[in-house]
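Read through the structure below, which is laid out as structure tokens, and then see the notes.
Quick note on labels: first sequence line is chain A, next is B, and so on, each numbered from 1.
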Amino acid sequence: MNNSYGFGRIIFTLVLAMCLKIAPLPAMFAVYNPDWVLLTLIYWSLAVPERVGVFHAWTFGLLTDVLTGRLFGQYALAYALVIYLCLSLHRRLRQLPFIQQALFIFFCLLLSQLLLFFIKNIQDTAQLKPTFWLPVFVGTLCWPLVYTVLRFVRLAKPIKTD
Amino acid sequence: MRLFIAVVVSIALLMVEHISPRLDPVRAALSLLVDPIKYLVDLPSETANRISNSFSTNATLKEDNKKLRNTQLLNQIRLLKFEALEQENIRLRALLENSFKLGEQVLVTELLSVNIVPPYENIVVVNKGTRFGVHTQQAVVDANGIVGQVFRALPNSSEIMLITDPNHAIPVQVNRNGLLTIAVGSGELNRLKLPFLPDNADVRPGDLLITSGLGGTFPQGYPVAVVDTFTPPASQQITATPKALLDRNRELMIVWSDKEPVSLAPMQAPSQTGVEENTHE
């Protein structure tokens with residue numbers, strides 16, 4: 001019924017996350033830039049699991065692939081897997097204290113980053129620098145921020161769940 | 001079940017795109033959805049540029065104008081000789097019954113300030129794509145030397161792999177003695193590696209490396225890099241500094257070499273977009 005309204009909000013935040021993902025930062029800070037799209041997807045899948053499913057994650061993963069010029073299906077695969085995990089555990093995760101939630105986010109980001117590295121390595125010889133893992137840590141640290149902001153966006157006017 | 005489908009489809013897509021360019025139309029179509037994001041992200045720096053331009057004073061403009069006039073004069077004088085030398089070169093080549101490729105067309109493009117990849121992969125995005133006839137594996141230069149090559153052309157933008165990308169290698173030639181080698185990217189914007197030189201190779205610090213034209217992607221004779229200082233026996237660690245200002249330039253030029261002449265009477269590229277043409281036949 002009110003479907004399109006809440007969905008517009010979700011898509012808006014995801015587009016914003018995509019902007020952040022390719023934001024032009026100086027090389028010094030760019031290594032810290034976490035995967036905003038995945039963080040946003042995780043939040044929405046935990047908050048409104050009946051709205052954001054594996055399929056949406058996959059679609060936005062595909063769009064991220066096109067945006068960042070990766071092989072087709074790379075982000076799509078990673079996002080779909082992570083969101084599946086979130087969806088199957090979302091009831092338990094909501095009960096957990098914040099620290100443990102952050103730990104779970106950490107593992108999600110790590111899983112996605114590992115998959116991306118694995119696929120990149122098949123494609124060509126990727127260099128594994130220590131800075132490669134920084135976005136995972138920074139992403140975990142950013143989780144409270146993402147959580148607060150997106151919660152504010154979600155509750156600004158409640159999305160009806162039918 | 002949904003996860004299973006998603007995983008299978010992703011892996012199928014990965015495999016198909018890894019081996020063939022069959023999915024390029026799909027990517028082009030999807031990029032129409034996504035490219036606005038790139039332009040959106042570019043907007044702040046673009047407006048900042050415009051604002052700083054409009055606030056530049058009369059004095060600086062006059063100074064710039066004077067400086068540009070001087071360089072223009074110098075360039076013109078150099079070109080005077082160039083025409084004569086080119087004719088002479090053609091005549092000499094004719095004596096040797098040797099063919100010579102001449103005439104390259106360039107298209108001026110502007111960098112979009114976005115970071116689409118992690119910083120240790122050097123790929124940048126420019127604002128012209130297949131709608132202007134850009135295609136993959138074209139050389140990209142700036143006023144000082146080779147910048148890279150077109151890695152992927154989308155309708156409204158194209159991705160350019162810089163020569164310093166760790167997955168990029170460019171066939172070069174030492175300008176002083178014609179020694180051929182390959183310069184491999186190091187991942188840092190100010191360094192190329194020359195790993196394939198023997199211990200006794202005649203390379204000196206300060207040597208200019210130019211494109212050799214082998215491999216077909218890069219036209220011959222553009223400056224690429226200058227060899228850094230090194231201690232003579234350590235030939236494995238010879239590095240070079242790219243001539244092009246890889247991290248400072250906003251304007252890049254995409255080159256069409258003669259091999260594939262592209263009609264540059266573009267659909268919506270009027271003359272002020274900077275389409276130039278060297279008509280040396």
Side-chain angles (χ1 to χ4, degrees), chain A residues 15-33 53-81 83-85 87-88 113 115-116 119-120 122-129 131-132 134-135, chain B residues 1-18 23-24 26-38 40-45 111-125 151-152 154 157-161 165-167 186-189 247:
Chain A
V15 168
L16 213 64
M18 283 166 117
C19 288
L20 275 176
K21 193 173 169 60
I22 62 166
L25 302 169
M28 212 174 83
F29 300 112
V31 288
Y32 298 104
N33 202 7
V54 171
F55 176 71
H56 300 106
W58 189 81
T59 314
F60 269 91
L62 208 63
L63 290 178
T64 313
D65 281 328
V66 177
L67 184 70
T68 58
R70 309 270 103 172
L71 272 191
F72 252 157
Q74 194 162 324
Y75 278 110
L77 179 62
Y79 288 180
L81 273 173
I83 296 308
Y84 175 75
L85 262 183
L87 285 178
S88 53
Q113 195 80 334
L115 269 174
L116 292 179
I119 294 166
K120 178 88 184 138
I122 295 175
Q123 187 192 354
D124 46 40
T125 52
Q127 291 178 323
L128 187 59
K129 298 202 171 178
T131 52
F132 184 78
L134 280 177
Chain B
M1 189 58 209
R2 273 189 178 177
L3 176 74
F4 183 70
I5 294 171
V7 168
V8 168
V9 173
S10 327
I11 292 178
L13 281 175
L14 277 171
M15 275 160 48
V16 170
E17 209 189 23
H18 189 41
L23 285 174
D24 283 359
V26 183
R27 186 181 280 273
L30 282 177
S31 81
L32 289 180
L33 263 178
V34 172
D35 267 358
I37 294 181
K38 290 181 193 164
L40 190 70
V41 172
D42 180 55
L43 204 61
S45 63
L111 210 63
L112 293 180
S113 52
V114 294
N115 279 346
I116 60 164
V117 292
Y120 37 85
E121 284 169 55
N122 302 330
I123 291 176
V124 295
V125 183
F151 169 65
R152 180 177 285 132
L154 299 168
S157 62
S158 30
E159 292 160 22
I160 286 165
M161 188 183 264
D165 189 282
N167 287 312
S186 67
E188 291 161 53
L189 277 177
D247 48 351

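- Using a 4.5 Å cut-off between heavy atoms, A:Asn33 makes no contact with chain B at all.
- Closest approach of B:Ser10 to A:Gly73, counting heavy atoms only: CB-O, 3.5 Å.
- Between B:Asp35 and A:Val66 the shortest side-chain heavy-atom distance does not fall below 4.5 Å.
- Between chain B and the options A:Ala80, A:Pro135, A:Pro24, the largest number of non-hydrogen pairs under 4.5 Å is found for A:Pro24.
- With a 4.5 angstrom heavy-atom cutoff, B:Leu3 touches chain A via backbone and side-chain atoms both.
- Only the side chain of A:Ile119 has a heavy atom closer than 4.5 Å to any heavy atom of chain B.
- Using a 4.5 Å cut-off between heavy atoms, B:Arg152 touches chain A through its side chain atoms alone.
- In this structure, B:Glu121 and A:Lys120 have side chains that are in contact, with non-hydrogen atoms separated by less than 4.5 Å.
- Between chain B and the residues A:Ile83, A:Val54, A:Leu77, the most heavy-atom pairs under 4.5 angstrom are made by A:Leu77.
- Interface remark: B:Glu17 contributes backbone and side-chain atoms alike to the contact with chain A (heavy atom separation under 4.5 Å).
- Here the CD-OG1 distance, from B:Glu159 to A:Thr68, works out to 8.0 Å after rounding to the nearest 0.5 Å.
- The candidate from A:Thr64, A:Val15, A:Leu62, A:Leu81 with the greatest count of non-hydrogen atom pairs under 4.5 Å with chain B is A:Leu81.
- Between A:Ala23 and B:Val41, the shortest heavy-atom distance links the atoms CA-CG1, 3.9 Å.
- Counting heavy-atom pairs closer than 4.5 Å to chain A, the top-ranked of the candidates B:Leu14, B:Ile37, B:Leu13 is B:Leu14.
- At a 4.5 Å heavy-atom cutoff, the contact between B:Leu30 and chain A is made by backbone and side-chain atoms alike.
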| task | Apply side chain to side chain contact (heavy atoms under 4.5 Å, CB included) to the pair A:Trp58 and B:Val9, showing each step before the final yes or no. | result | CA-CA 10 Å; A:Trp58 189 81; B:Val9 173; 3.4 Å; yes
